[in-house]
2 protein chains.
Amino acid sequence: MIDEASSRREPLVLVVEDEPQLMRFLRATLPAHGYRVLEAATAAQALVQAETRQPDLVLLDLGLPDLDGLEVTRRIRGWSAVPIVVVSARGQERDKVAALDAGADDYLTKPFGTDELLARMRVALRHATRVGSGQGEASFESGDLRVDLAARLVYRRGVEVRLTRTEYRLLAALVKHAGKVLTHRQLLVEVWGPGSANETHYLRVYMAQLRHKLEDDPAQPRWLLTETGVGYRLRTD
Amino acid sequence: MIDEASSRREPLVLVVEDEPQLMRFLRATLPAHGYRVLEAATAAQALVQAETRQPDLVLLDLGLPDLDGLEVTRRIRGWSAVPIVVVSARGQERDKVAALDAGADDYLTKPFGTDELLARMRVALRHATRVGSGQGEASFESGDLRVDLAARLVYRRGVEVRLTRTEYRLLAALVKHAGKVLTHRQLLVEVWGPGSANETHYLRVYMAQLRHKLEDDPAQPRWLLTETGVGYRLRTD
DNA sequence: CGCCGTCTTGATGCCCTCCTGACGCTTCGG
DNA sequence: CCGAAGCGTCAGGAGGGCATCAAGACGGCG
């Protein structure tokens with residue numbers, strides 16, 4: 001499970017990054033915002049550190065010299081549920097999606113701003129504690145949207161919303177991993193089964209329907225967010 | 001769940017016993033003390049009877065020819081809370097304990113007297129009704145529909161409604177989880193037993209009957225709602 | 001043993017959900 | 001500046017689920 005450090009002291013972040021410049025930047029920035037930093041410049045170092053130090057979060061650059069970032073994600077996920085935020089350069093879309101499919105929680109595209117970085121890290125950490133301690137929260141609430149997974153009921157401004165079976169399954173998949181980016185593949189597998197893992201068109205149609213039923217302005221969604229080229233995300237907060 | 005017959009008529013007891021002598025004795029004794037008797041000489045018969053007739057109590061001999069009494073207990077407990085009293089010969093202590101672990105309510109050791117038998121049965125039945133009614137809401141009320149699970153009475157606008165056994169079981173299942181969606185499977189298992197888990201047609205027929213007896217406009221139900229592709233739900237309001 | 005109520009099973013028509021295709025828009029890269 | 005790819009939207013057709021009616025099978029009861 002997650003290291004207990006998080007509950008007592010500042011979160012421990014394992015930064016896996018081979019670019020000295022970026023590493024220097026992170027080494028200075030993160031402690032200033034209440035994080036302790038653990039460094040790794042290669043995949044091999046990263047795996048050792050992750051295992052021996054049990055960090056609260058992993059910030060993982062995909063462009064590593066020795067091993068694929070995807071493989072690192074896969075190996076860590078083999079025994080740990082620690083949140084993983086992958087960092088990708090432009091043109092690494094494929095690796096990024098693969099890492100998310102393998103269980104990464106979120107992603108950042110270079111170059112990224114400090115605010116965005118910190119925001120993603122906060123969300124990932126919050127998501128981890130929710131899943132870890134809440135043990136399968138049976139409901140989701142945010143603004144005037146409420147989802148009761150136990151009763152299979154959805155409310156918008158307190159008014160019950162009627163969803164079809166597929167609409168509800170899709171929403172439930174997002175709720176179960178609220179705040180986390182879910183790839184097309186993950187959603188398709190969870191809702192339509194492994195046989196439809198490539199039918200991304202289904203997602204577009206049903207996302208549109210969900211937005212029409214749940215959002216004030218379906219064209220500019222507040223909760224059901226599109227992650228272009230990657231998948232979708234349910235905004236928490 | 002438990003057959004509701006007990007509140008209106010004599011309790012139905014499923015006697016699982018392969019010794020003809022003892023069976024003859026019980027067949028004569030139990031009716032004389034206000035029980036109706038259902039017979040089974042093998043585990044296979046017992047399971048079929050338990051499922052199709054839904055007795056109020058099971059009197060289960062552990063020394064059966066075909067299957068372990070322990071296994072019978074386990075299978076019945078898989079879907080029903082009917083009280084089970086196991087009957088064991090001397091030297092079967094181990095099986096007896098295992099049966100209790102598997103969910104049996106009490107035990108008798110051969111040879112046993114009539115008084116002891118009747119006492120154990122009364123206790124088991126009392127315990128069942130106490131748990132059955134005490135657990136969760138004992139009644140449901142919403143608008144002009146009222147369901148009293150303890151008394152097995154249903155009122156509409158204050159007037160008592162006559163329901164058949166199956167109609168009532170179905171309504172009771174919905175009342176026990178009022179407000180939540182129950183899947184076809186859940187309802188079928190609770191009302192008809194696990195063997196009929198796929199007979200969704202039963203549900204439609206009995207839902208229609210319940211709606212005709214309880215709803216103002218059966219075509220547009222206020223309480224007995226359809227969740228297409230999923231199941232049914234009793235609106236709490 | 002026969003009657004009556006209940007349960008099961010079948011057949012039919014309707015409506016809704018799901019899937020699918022076409023099209024326009026935006027974004028990104030050449 | 002243009003083409004490609006990803007996304008959102010709309011609408012129609014096919015299929016499946018649902019409600020309903022009706023008749024036969026079953027079991028309880030007198």
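Below, all heavy atoms of this structure are taken into account, side chains as well, without hydrogens, waters or symmetry copies. Residue numbering restarts at 1 for every chain, and letters A, B, ... go by the order of the sequence lines. Computed from a prediction, not measured in an experiment: that's the story for all the values here.
- With rounding to whole Å, A:Q209 atom CD is found 13 Å from D:dA11 atom P.
- Here C:dT17 presents its C1' atom at 15 Å from CG of A:L170, a figure rounded to the nearest Å.
- Along DNA chain C, the nucleotide nearest to A:R162 and the one nearest to B:H201 differ in position, and the one closer to the 5' end is contacted by B:H201.
- Taking the six-membered ring where tryptophan is involved, the planes of B:H184 and B:Y232 are perpendicular, since the angle between them exceeds 60° and thus also 30°.
- Of the residues near DNA chain D, A:R165 and A:R211, the one whose nearest nucleotide (by heavy atom distance) lies more toward the 5' end is A:R211.
- Each of D:dG8, C:dT9, D:dA19 was ranked by its minimum atom distance to the side chain of A:T226; first place goes to D:dG8.
- Under a 4.0 Å N-O distance rule, the pair A:D115/A:R120 does not qualify as a salt bridge.
- Ionic pairing of A:D106 and A:K96 is not present here: no N-O contact between side-chain nitrogen and carboxylate oxygen is shorter than 4.0 angstrom.
- Counting heavy atoms of neighbouring residues, nucleotides and ligands inside a 6.0 Å radius, atom CZ of B:R77 exceeds 12 of them.
- Remark: B:W192 is in phosphate contact with C:dT8, judged by side-chain N or O atoms under 4.0 Å from OP1 or OP2.
- Taking side-chain N and O atoms only, A:Y232 has no distance below 4.0 Å to OP1 or OP2 of D:dC7.
- A:T228 has no side-chain polar atom (N or O) that falls below the 4.0 Å cut-off from OP1 or OP2 of D:dC7.
- The pair B:K176-B:E190 counts as a salt bridge, with a side-chain nitrogen and a carboxylate oxygen less than 4.0 angstrom apart.
- The CG-P distance, from B:L225 to D:dC18, rounds to 14 Å in whole Å.
- The residue among B:A208 and A:H184 whose nearest nucleotide of DNA chain D is located toward the 5' end is A:H184.
- The CZ atom of A:R204 sits 15 Å away from the P atom of C:dA22 (whole-angstrom rounding).
- Between D:dC7 and A:T200, no contact under 4.0 Å exists linking OP1 or OP2 to a side-chain N or O.
- In terms of phosphate contacts, B:Y202 brings no side-chain nitrogen or oxygen within less than 4.0 Å of OP1 or OP2 of C:dT8.
- As a whole-Å value, the separation of B:Q220 CD from C:dC16 P is 11 Å.
- Rounded to whole Å, the distance from CD on B:Q54 to P on C:dT6 is 17 Å.
- For B:T166, the side-chain atoms get nearest to C:dC7 when compared with the rest of C:dC19, C:dC7, D:dA19.
- Rounded to a whole Å, the CG atom of A:L163 is 16 Å from the P atom of C:dC16.
- Atom CD in B:E227 sits roughly 15 Å away from atom P in C:dC16 (whole-Å rounding).
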